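Notes follow the structure.
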Amino acid sequence: MRKNIVAGNWKMNKNLQEGIAFVEELQVALSNVDKINCDVVVGTPFIHLANVSAAINTGLIGVAAQNCADKESGAYTGEVSAAMVASTGAKYVILGHSERRQYYGETDAKLKEKTLLALANGLTPIFCIGEVLEEREAGKQNEVVKAQIENALFNLSAEEFSKIVLAYEPVWAIGTGKTATPEQAQEMHAYIRKTLAEKYGKEVADNTSILYGGSANAANAKELFSNPDVDGGLIGGASLKVETFLPIVQAF
Ligand code: 13P
């Protein structure tokens, strides 16, 4: 059965010391929780990955990079490969975040390469999809999301695809304080699962974790996560402090 996952995405926040202090605090807080009903992940900047991974000694927290290169290795100044990410102890990589698509020109074609390299290096991609406001207003959200999945992921075999985690992040809800309603989230997640079932069959679709992202917080997480097709969250702003992140973990 699919896993519930609550993953933080720190984006470009926290220096190294703050990052380490966060995971140390979160680890203590999690070990005091009776039962944790989801996997907990923190998505840190590249340069924090090794130290943050080393600071986690309980197995209670997984570490994610926020990106990786679309090339294996070589003369690509400033890039960080999937193999490098894996060598730090990180187990996940967030790919296709709308901020990467919007500000750094990441195309479906590039994301396809990144996904293959992430999988080849044993990383679990947390693959982001989602429509912008104009697309939702035009009623095109389903076709936009379907195309993002088809173009970047449907080259994968069913076995490869079963290693992917999806994160539906409507761009109009990211950092805006405007959350998709639980109904909007459920409707899209069910549509995504149906799309996966058509391509890979019901079993793969049922086993894929689909997270929601976009102004999720302690106040709305429970209601969002109570939907049958919402398997957790990818959390931006509210993942930056243990006091705001932990209650989201505990929403499961
Ligand atoms: P916010 O939770 O700050 O809206 O960010 C969501 C997000 O982009 C997570 O990847």
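Position 1 is the first residue of the sequence; numbering continues from there. Just so it is clear, the model here is predicted, and its values are computed rather than measured. Both ligands and their constituent atoms are indexed starting at 1 by order of listing.
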What distance do [X] atom [atom1] and [Y] atom [atom2] have between them, rounded to the nearest 0.5 Å?
{"X": "Glu106", "Y": "Arg100", "atom1": "CD", "atom2": "CZ", "value": "4.5 Å"}
{"X": "Asn142", "Y": "Arg136", "atom1": "CG", "atom2": "CZ", "value": "8.0 Å"}
{"X": "His189", "Y": "Ile210", "atom1": "NE2", "atom2": "CD1", "value": "6.5 Å"}

Would you mind checking which non-hydrogen protein atom is closest to [atom], with the distance to 0.1 Å?
{"atom": "atom 5 (O) of ligand 1", "value": "Lys11 NZ, 3.2 Å"}
{"atom": "atom 3 (O) of ligand 1", "value": "Gly237 N, 2.8 Å"}
{"atom": "atom 2 (O) of ligand 1", "value": "Gly236 N, 2.9 Å"}
{"atom": "atom 7 (C) of ligand 1", "value": "Glu169 OE2, 3.1 Å"}

Answer with side chain, backbone, both or neither: which part of Leu234 has a heavy atom less than 4.0 angstrom from an atom of ligand 1? both

Proximity of Ala238 to ligand 1 by residue part, where a heavy atom lies under 4.0 Å: neither

Please identify which atoms of ligand 1 are closer than 4.0 Å to at least one heavy atom of [X].
{"X": "His97", "answer": "7 (C), 8 (O), 9 (C), 10 (O)"}
{"X": "Ser215", "answer": "1 (P), 2 (O), 4 (O)"}
{"X": "Gly214", "answer": "4 (O), 6 (C)"}

In sequence, state the C-alpha distance, the side-chain angles, and the governing distance for Val28 and Leu30, and then conclude on side-chain contact (heavy atoms from CB on, under 4.5 Å). CA-CA 5 Å; Val28 171; Leu30 288 172; over 6 Å; no

If every non-hydrogen atom of Ile47 is compared with every non-hydrogen atom of Leu16, which pair is closest and at what distance? O-CD1, 4.3 Å

Looking only at heavy atoms, what is the nearest atom pair of Cys68 and Ser81, with distance? CB-C, 4.3 Å

Does any donor atom in the side chain of Glu169 or His97 lie under 3.5 Å from an acceptor atom in the other side chain? yes

Any heavy atom of Ala173 sitting closer than 4.0 Å to ligand 1? yes

